[in-house]
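Scroll down for the structure; my scribbles are underneath it.
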Number of protein chains: 2
Amino acid sequence: MGQPTIKDVAKLAGVSISTVSRVMNNSKPVSPEARQKVLDAIAKLDFKPNELARSLVMRRSNLVGVIVEDIGIEYMAQLIRGIEEIGRVYNYDILLQSSYGNEEALNNSIDFLSTKQVEGLIIITENLTNETLIKLRETRVPFILLDKYHAYKNLNTVKIDYSKEQYKLIKYLYDLGHENVLYIGNSEDNVLNNAKFAGYNQAADELNKENFVLKIDGLSSNDGYNIGKEAIKICKENNITAVTLMNDEMAIGFIDYCADNGIKVPDDLSVVGFGDSSIANIYRPNLTTVSIPYYDIGAIAIRALIKRIKHEEEILLDDWVIECTVVARESSK
Amino acid sequence: MGQPTIKDVAKLAGVSISTVSRVMNNSKPVSPEARQKVLDAIAKLDFKPNELARSLVMRRSNLVGVIVEDIGIEYMAQLIRGIEEIGRVYNYDILLQSSYGNEEALNNSIDFLSTKQVEGLIIITENLTNETLIKLRETRVPFILLDKYHAYKNLNTVKIDYSKEQYKLIKYLYDLGHENVLYIGNSEDNVLNNAKFAGYNQAADELNKENFVLKIDGLSSNDGYNIGKEAIKICKENNITAVTLMNDEMAIGFIDYCADNGIKVPDDLSVVGFGDSSIANIYRPNLTTVSIPYYDIGAIAIRALIKRIKHEEEILLDDWVIECTVVARESSK
DNA sequence: ATGAAAGCGCTAACAG
DNA sequence: CTGTTAGCGCTTTCAT
C-alpha cells in the first residue's frame, strides 16, 4: 500500500480517527495518554496528512494562483520572489502559470486555476483586456493585478507613483547643479509615459528650469543609441548637461552612442535611466537610476490578497503606493 | 451557495451524477439526448469540476513540485519556463517553492509538497546534501535534480557536457587563428571546474598548443577585473592573443580591466566568457560565449519526470546530455 | 474525552 | 445505456 492514512494511525494507536484528527489539529481536548499514543503512531508511520482531502472537506486549498506573463522577465521574477516568500509565511503555496502575453492562455489559466480551487489569484501582465477583467470578476475569486503600468481604474492594486519617482530623479539632477536637463521619453500616450513626463515637468517648473523634451518611438537600447545624434545636437544647442531616459536599456544605448562619438559620461554629460535593472550596475559607467522594489511589491500584494481571502481588514481599500529610491552611480555627477 | 457541483448539474439535467461524470470524462457511452442535456446544464451553470475532489478519488493530483533555490537567478528562471510550458502540455501544473539555499527550508518544502500530493518533484539547487538526498528517496516521489554542476552520482539527470562545451569554445579560438590561449578558471576542485579545465586541455593537446592556465578564487566580475594585471603580464610574456574565462561576469570584469589599461578587445586580445547571460549581448563589446539552453533543459526534465510518473518508457535511463552552442560576438576575432 | 457517522465533490465498480 | 452505491482521506457534528 501507499502512504499511511489517518486510519492506519488510528489503528496503530488504538483510538478512533476522530481522536487522531483532534490531536493533529488541536481542535478539541484529548487525554494526555491518547495524545501520546497518537503522536507515537504518527512518528512511527511517518504519517503526513493528505492536504487534498483536508482541503476538500475544509473548503480551503491554501493555494493561490500566480499567472505571470513571462517568468524570464527579470522584474516579474522579482515580483514572484516576494509573493512566494511571504505567501509561505501565511501557509499559502503558489500554483504558477505563464501566459506569454496570450489572452487565450491567460483565460485558460484562470479557468484551470479556479478548478484547482485556488483561493486567490495574482496576475502579473502588461496585457489585460477588459473582457478578461470581466471574466476574472465572474470567477468570484479574489485577485490582484500587478504590472508595470497600473493603469487599471477602479481596481485596488499595489502601485508606484511614477510621476513622483521621475520627479525625484530629475530633482536629484538639478540638485547636482545641472541647469538644463533633457527628457527623452516614449511617445506613446499611455499612463506610464504620461506620469513620468508629468514628473519631469513638475520638477522643471518648480525650479524654474526650461523644459527640454524629446519623444521617440521605441524603448530598447538600440532606440537609445539611434536617438543619440539628435539628442546630442539638442544638448549642444541648449547647454544641456544631463539627460534622462525612460529606462536603463535606452540609457545604455544612449551612452554607447556618446562613447562612440567622443562624449564622455559623466564628464561631458550626465545620463540617468529608470528601473535599476541588473545591468545597471555592471555596465560601465554604472548607471544612475531609480530602483523599484519589486520584491516588496510582490510581498505586499500577497499579504493584501490573503487578507482579502480571509475577509480581514482590507489593507487595499485604497491603492498601496510603494516608494522607490534614486540610486546614484557613476553615470551622473 | 458556492460553486455548482456535479449534483447541481445532474439535477438540472435530470440525470444521475454518474451520467454527468461520464460525459465530462468521456469514460463510458452516454446516449446523445442525455449527453446534450448534461452539456446544456453544464453550460447554464458554468460548472467547473472540482479538481481537488477528482484528484482525491483518482489519486492523481496532476501537480509537480518545483523547488528552486532562487527564482531571481536568471538561469533558474529559464529552467522554470521550460518546466512550466511543457508541463502544461501534459496537463501538469507547478507548485513553486524557494529554498534560498537553506537546507532546512528545502526539507520543509519537500515535506510540504508531498502532503499536497505532488506526483513528482524537480529540485533546482546548487546545494544539496546527502542527507536531503536520502530523505528525498524516502518520500518515494519521483524526482529530478537540476543544477549547474550535475555532480550527483548514480542519479539520472539532464546535464551538460561542460568539458565538451569548453573544448568547442577553445577550438573555436584556435580555429580563429590564435596560437596561444590563456585559460582563467576557478581554483576550487569541483566537477564543473575540472570538466571545463579538461576541455581546455583537450583542445590544446589535440592541436599541439601550449597550455596557459591561471586559477583564481572568485567568480565575480570583480574577480575578473582583479586578475587583469597578472593575466595581462602572462599574455605579454607568452604571446597570448586570446583569453577564456569561466563565466560571462568574470569575462566582463576582465575586459573592463583591459579597457582601463589601454588594451583593446578584440583588437589586441580576444576574450570569451561562458553561459550567455543576458548581459553578454548588451555589454560592449558583445561577448563571445557559450549559450546554454536552459529552457530546453527544463523542458526535457519535466518530460522525463512525467514519463517516470506514468511509468512509461524511461527516457532518462542514462543521463540526457544537452548540446550547447558557441555564440560568436564582438569580443573575439 | 471519545467514537460513530455523515459528508466534502468526485469516480468507478456493480447491477440492471 | 443508466442509476445506485461505495469509497478517496479527512473534519466535524452528535451522541454517549
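Every chain is numbered from 1 and lettered A, B, ... according to where its sequence line falls, protein lines coming before strand lines.
In this structure, B/S18 does not reach the D/dT4 phosphate: none of its side-chain N or O atoms is under 4.0 Å from OP1 or OP2. Taking only side-chain nitrogens and oxygens, A/T19 comes nearer than 4.0 Å to OP1 or OP2 of C/dG3. In this model, the phosphate group of D/dC8 is approached by a side-chain N or O of A/K7 to a distance below 4.0 Å at OP1 or OP2. At D/dT11, one or more side-chain N or O atoms of A/N25 fall inside 4.0 Å of OP1 or OP2 (strictly under the cut-off). An OP1 or OP2 oxygen of D/dG9 is reached within less than 4.0 angstrom by no side-chain nitrogen or oxygen of A/T5.
Contact record, B/P142 with B/E119: CD-O, 3.2 Å, taken as the closest heavy-atom pair.
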message: Please evaluate residues B/S98 and A/E85 with respect to the criterion side-chain hydrogen bond (donor to acceptor under 3.5 Å, both in side chains), reporting the C-alpha separation (whole Å), side-chain torsions for both, the decisive distance (0.1 Å), and the verdict.
response: CA-CA 7 Å; B/S98 302; A/E85 199 164 354; over 6 Å; no
message: Evaluate A/K135 against A/E138 for salt bridge (Lys or Arg N to Asp or Glu O under 4.0 Å), listing each step before the verdict.
response: CA-CA 5 Å; A/K135 175 190 182 60; A/E138 282 171 351; over 6 Å; no
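Taking the nucleotide of DNA chain D with the nearest heavy atom to each of B/P29 and B/L56, the more 5' of the two is matched to B/P29. Between A/A53 and B/R54, the residue anchored nearer the 5' end of DNA chain C, judged by the nucleotide with its closest heavy atom, is A/A53. Judged by closest nucleotide on DNA chain D, A/I6 is the one of A/K28 and A/I6 placed further toward the 5' end.
Among the protein residues, B/I17 comes within range of the nucleic acid bases, having at least one heavy atom under 4.0 Å from a base atom.
With hydrogens and angles ignored, no donor-acceptor pair under 3.5 angstrom links the side chain of A/S21 to the base of D/dT12. The base of C/dG9 lies outside donor-acceptor range of the side chain of A/R59, with no N or O pair under 3.5 Å.
What separates CZ of A/R60 from C1' of C/dC8 is a distance of 15 Å, to the nearest Å. If you measure from atom CD1 of A/I42 to atom P of D/dC10, you get 10 Å, rounded to the nearest angstrom. Rounded to an integer number of Å, the gap from CG of B/N26 to C1' of C/dT11 is 15 Å. When rounded to the nearest whole Å, the span between CE of A/M24 and C1' of D/dG9 equals 10 Å. Atom CZ in B/R22 sits about 8 Å away from atom C1' in D/dC1, given to the nearest Å. Across the protein-nucleic acid pair, A/L45 atom CG and D/dG9 atom C1' stand 15 Å apart, rounded to whole Å. Atom NZ of B/K48 is separated from atom C1' of C/dC10 by 17 Å (rounded to the nearest Å). Note: NZ (A/K116) to C1' (C/dG9) measures 15 Å, nearest angstrom.
With rounding to the nearest 0.5 angstrom, the CD1 atom of B/I86 is 11.0 Å from the CZ atom of B/R81. Atom CG in B/L113 sits 10.5 Å away from atom CG in B/N108 (nearest 0.5 Å).
Closest approach to the B/S16 side chain among C/dT11, D/dC10, D/dT4 is made by D/dT4 (side chain taken as heavy atoms from C-beta onward). Proximity note for A/A34 (side chain, C-beta onward) versus C/dT11, D/dC1, C/dT2: the nearest is C/dT2.
Rounded to 10 degrees, the angle separating the terminal helix axes of the helix from C/dA1-D/dT16 to C/dG16-D/dC1, each built from five base pairs, is 50°.
For the residue pair B/E103 and B/T129, a side-chain donor N or O sits within less than 3.5 Å of a side-chain acceptor on the partner.
A salt bridge links B/K48 with B/D46: the closest approach of a Lys/Arg side-chain nitrogen to an acidic carboxylate oxygen falls below 4.0 angstrom.
Around atom NZ of B/K310, more than 12 heavy atoms belonging to other residues, nucleotides or ligands sit under 6.0 Å away.
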